[in-house]
Amino acid sequence: MKPPIEHIRLSRHAKDQLVRMKRDTGILNWNILCRWAFLLSLTDNKRPRDVDIRTDSNLEMSWKVFSGDYQALLASLFYLRCQRDGITSEQEQTLEFRKHLGRGIGRLCALKIRPDIVHITELAVNQ
């Protein structure tokens, strides 16, 4: 399955949020936090807001690094969501992926408790 995006680059604001999350949670890998954030955004039934997507940080990763062993699963979940939301063009899908990731990072950072795998799973199941 073709990944929705080949190369992911984040904004300085998103990077700053992830730096705080790394410090607060002890999770050392950007890709794990980004993966959780992305999935957290997908659990929201509403589409992410149209925002100006900035890529002005030096934090970047490939789809393979972002998705790890879950490449097919994450791509499938994303494409199902795009289908549900009526997003068909590749360009729109790339933008939608970036919006989901940005929204998810913001929401993950805003959680009142320090998330761990159990908490993230509970959030996803209870949506």
Within one Ile-Leu-Val-Met-Phe-Trp-Tyr cluster: Ile5 and Tyr70, side-chain cutoff 4.5 Å: yes

Correct closest heavy-atom pair for Thr88 and Gln93 would be O-NE2, 3.7 Å

OG1-CG distance between Thr25 and Leu18, expressed to the nearest 0.5 angstrom: 9.5 Å

If I take atom CD from residue Gln71 and atom CZ from residue Phe66, how far apart are they, to the nearest 0.5 angstrom? 11.0 Å

I need the Arg103 CZ to Arg49 CZ distance, nearest 0.5 Å. 9.5 Å

Please find out if less than 6.0 Å separates the ring center of Tyr79 from that of Phe97. no

Is Arg81 paired with Asp85 through a side-chain N to carboxylate O contact shorter than 4.0 Å? yes

Got a salt bridge between Arg9 and Asp56, using NZ or NE/NH1/NH2 to carboxylate O under 4.0 Å? no

Would a hydrophobic clustering, with Ile, Leu, Val, Met, Phe, Trp and Tyr connected at side-chain separations under 4.5 Å, put Leu77 with Ile87? no

CZ (Arg98) and CD1 (Ile8) are apart, to the nearest 0.5 Å, by 8.0 Å

When every non-hydrogen atom of Met61 is compared with those of Cys34, the smallest separation belongs to CE-SG, 3.8 Å

Taking NZ in Lys2 as the centre, count heavy atoms belonging to other residues, nucleotides or ligands within less than 6.0 Å. Is the count above 12? yes

Are the side chains of Trp30 and Val19 in contact, using a 4.5 Å heavy-atom criterion? yes

Is there a side-chain contact between Met1 and Ser76, using heavy atoms and a 4.5 Å cut-off? yes

Checking Arg20 side chain against Cys109 main chain: does a donor-acceptor pair fall under 3.5 Å? no

Please confirm whether the backbone N or O of His13 pairs with a side-chain atom of Arg54, one donor and one acceptor, at under 3.5 Å? no

So, the side chain of Ser57 versus the backbone of Leu10: is there a donor-acceptor pair under 3.5 Å, distance only? yes

Where is the tightest heavy-atom contact between Gly104 and Leu40, given as atom of each residue plus distance? O-CD2, 4.2 Å

Taking atom OG of Ser67 and atom CZ of Phe78, what is their separation to the nearest 0.5 Å? 13.0 Å

Taking all non-hydrogen atoms of both residues, which atom of Pro48 and which atom of Lys99 are closest, and how far apart? CB-CB, 3.7 Å

Please report the closest heavy-atom contact between Asn45 and Arg84, naming both atoms and the distance. O-NH2, 2.6 Å

On a heavy-atom basis, the closest approach of Arg35 and Gly68 is NH2-N, 3.7 Å

Among side-chain atoms of Asn29 and Lys22, is any donor-acceptor pair under 3.5 angstrom? no

Hydrophobic clustering (ILVMFWY, side-chain heavy atoms < 4.5 Å, transitive) - are Val65 and Trp63 grouped together? yes

Determine whether more than 12 heavy atoms belonging to other residues, nucleotides or ligands lie under 6.0 Å from atom CD of Glu92. yes

What's the separation between atom OG in Ser11 and atom CG in Leu59, rounded to the nearest 0.5 Å? 9.0 Å

Note, Met21 side chain near Ile105 side chain (heavy atom, < 4.5 Å): no

Cluster check Phe38, Leu80: I/L/V/M/F/W/Y, side chain < 4.5 angstrom: no

